[in-house]
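Everything on this sheet refers to the single structure shown next.
In listed order, ligands and their atoms are each counted from 1. Below, each value reflects all heavy atoms present in this structure, side chains not excepted, and no hydrogens, waters or symmetry copies. Quantities reported herein were computed from a predicted structural model and do not represent experimental measurements.
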Amino acid sequence: HADAAMYQAKKDGRGGLHFYRAEMNRAAEDRLRLAADLRAALHRGGLQLHFQPQVCPPGKTPRSPAAGPASMSLFGVEALLRWRHPVLGDVSPERFIPVAEEAGLMDELSNWVLEAACAQLAGWRADGIDVPRVAVNLSPRNFQDPGLPARVRQLLDRHGLRGDQLTLELTESAWIDRRADSLDKLRALQALGVGLAMDDFGNGQSSLSHLHRLPLRQLKLDRSFVHDIEHLAVAQTLAAAMLHIGESLGLIVVAEGIETAAQAAFLIEHGCPVLQGDRYAQSMAAEQIGPWLAGLASMAAADVGASRSDH
Ligand code: C2E
Ligand code: MG
Ligand code: MG
Ligand code: MG
């Protein structure tokens with residue numbers, strides 16, 4: 001207990017230990033408070049989704065390399081959680097997702113995200129804004145929930161969406177302990193037409209075996225990997241090889257975190273069908289997607305130019 005530890009430390013005259021324990025308690029308290037605030041935000045409308053566009057380069061669609069429109073086109077958007085804390089300001093999902101997991105909030109949080117993302121996609125489409133699909137990030141524990149496929153089916157029905165208009169992104173850590181029942185859930189989702197994406201591939205414990213064992217539709221190249229393309233020959237070699245492997249396995253490869261013309265040029269040159277990153281668009285509020293989409297065709301020309309002039 002905090003007071004007991006502090007008292008003991010004082011009595012023993014161990015200032016360092018006292019300080020260390022007090023710090024640990026403070027960190028634990030901060031997490032508890034953050035979890036309570038997150039729960040309140042979830043229940044009182046304090047969370048938002050932002051959306052980051054994913055684009056196909058000119059002349060390309062993910063399934064047919066030469067049949068796409070002459071300009072850049074929209075493949076879909078990824079939903080990303082945003083939380084503006086009343087005191088702390090914007091809190092990154094990298095910080096609050098682990099808090100949600102620890103606090104047992106992940107099922108509720110993911111259900112909220114799924115609902116909000118599908119409602120938004122239906123809303124865009126009702127407004128004549130042609131967003132082909134939305135991607136939602138799920139946590140490993142969401143795939144332990146036996147009700148997930150049934151809830152996803154109800155969600156799609158309720159919003160009048162087809163399965164292929166929803167992508168679920170999963171990180172590899174979900175499959176470190178590959179569980180048969182998780183695999184069943186993935187197959188049930190696949191049967192609904194829902195696309196499954198392996199997120200952050202190439203970061204951490206990437207396992208090539210997942211690529212053919214899991215019923216995946218997309219492979220997302222991690223942004224650290226994309227970043228290094230510019231500086232490291234080995235990253236170029238690996239990126240080109242991953243594109244080839246993904247294509248050979250019939251997966252749609254999505255490169256994330258593209259920031260520079262050189263990264264874009266390399267990936268386009270090597271046939272990457274879907275591009276995502278700040279170079280094209282940062283995540284934005286739902287109402288900004290329509291105006292952004294209206295400017296997409298003109299952005300395309302600039303990138304094709306960049307791609308050609310670099311080679
Ligand atoms: P992620 O799924 O890999 O999402 C991509 C992250 O990279 C996003 O960070 C995005 O804003 C950022 N990003 C995109 N393009 C660029 C770029 O060009 N440069 C750089 N430096 N960053 C870029 P964000 O929104 O902070 O989210 C971080 C992570 O938090 C996500 O990584 C995802 O793992 C998790 N996350 C976000 N929203 C959700 C959610 O609704 N549910 C769950 N379970 N996790 C979420
Ligand atoms: Mg993701
Ligand atoms: Mg990622
Ligand atoms: Mg990530």
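Less than 4.0 angstrom separates some heavy atom of Arg82 from each of these atoms of ligand 1: 11 (O), 24 (P), 25 (O). Each of the following atoms of ligand 1 lies closer than 4.0 Å to a heavy atom of Ile258: 18 (O). Contact atoms of ligand 1 toward Asp200: 3 (O) (distance under 4.0 Å to a heavy atom of the residue). Near Val113, the atoms of ligand 1 lying under 4.0 angstrom from a non-hydrogen atom of the residue are 41 (O).
The name of the N, O or S atom in Glu78 nearest to the Mg ion (ligand 2) is OE2. When you scan the N, O or S atoms of Glu169 for the one nearest the Mg ion (ligand 2), you land on OE1.
Judged by distance alone, with hydrogens and angles left aside, the side-chain atoms of Arg217 form a donor-acceptor pair with the main-chain N or O of Gly193 at under 3.5 Å. A donor-acceptor pair under 3.5 Å is formed between the side chain of Asp145 and the backbone N or O of Gly147. One N or O on the side chain of His85 and one on the backbone of Val87 form a donor-acceptor pair closer than 3.5 Å. Without hydrogens or angle criteria, Gln165 side chain to Arg133 main chain gives no donor-acceptor distance under 3.5 Å.
Using a cut-off of 2.8 Å, one finds that Glu256 contributes an N/O/S atom close to the Mg ion (ligand 3). Residue contact annotation: Thr171 places no N/O/S atom under 2.8 Å from the Mg ion (ligand 2).
Rounded to the nearest 10 degrees, the angle OD1 (Asp200) to the Mg ion (ligand 3) to OD1 (Asp199) equals 90°.
At most 12 non-hydrogen atoms from other residues, nucleotides or ligands lie less than 6.0 angstrom from CZ of Arg84. Counting heavy atoms of neighbouring residues, nucleotides and ligands inside a 6.0 Å radius, atom NE2 of His227 does not exceed 12 of them.
Looking at Asp107 and Arg141, a side-chain N of the basic residue comes within less than 4.0 Å of a carboxylate O on the acidic one, giving a salt bridge.
The N/O atoms of Asp278, backbone and side chain alike, include one that comes under 3.5 Å of an N/O atom in ligand 1. The N/O atoms of Glu259, backbone and side chain alike, include one that comes under 3.5 Å of an N/O atom in ligand 1. For Ser92, no nitrogen or oxygen atom sits less than 3.5 Å from a nitrogen or oxygen atom of ligand 1, counting backbone and side chain alike.
By heavy-atom distance, the residue among Asn137, Asp90, Leu81 lying nearest atom 2 (O) of ligand 1 is Asn137. Of all the listed residues (Asp199, Asn142, Leu80), Leu80 holds the heavy atom that lies closest to atom 8 (C) of ligand 1. Considering only non-hydrogen atoms, atom 6 (C) of ligand 1 lies nearest to Arg223 out of Glu94, Arg223, Gln52.
Side-chain contact check for Glu108 and His43: at least one donor-acceptor pair (N or O, by modelled atom type) lies under 3.5 Å. Between the side chains of Lys185 and Gln144, no donor N or O sits under 3.5 Å from an acceptor N or O. Between the side chains of His50 and Gln282, not a single donor N or O lies within less than 3.5 Å of an accepting N or O.
Contacts between Glu78 and ligand 1, counted as non-hydrogen atom pairs separated by less than 4.0 Å, involve the side chain only.
In this structure, Ser139 is part of the shell of residues with a heavy atom less than 4.0 angstrom from ligand 1. Residue contact check for ligand 1: His50 places no non-hydrogen atom closer than 4.0 Å to it. At least one heavy atom of Met106 sits closer than 4.0 Å to an atom of ligand 1.
When ring centroids are compared, Phe51 and Trp124 come within the 6.0 Å threshold.
The only member of Asp199, Leu196, Val136 that meets side-chain contact (heavy atoms from CB on, under 4.5 Å) when paired with Glu169 is Asp199.
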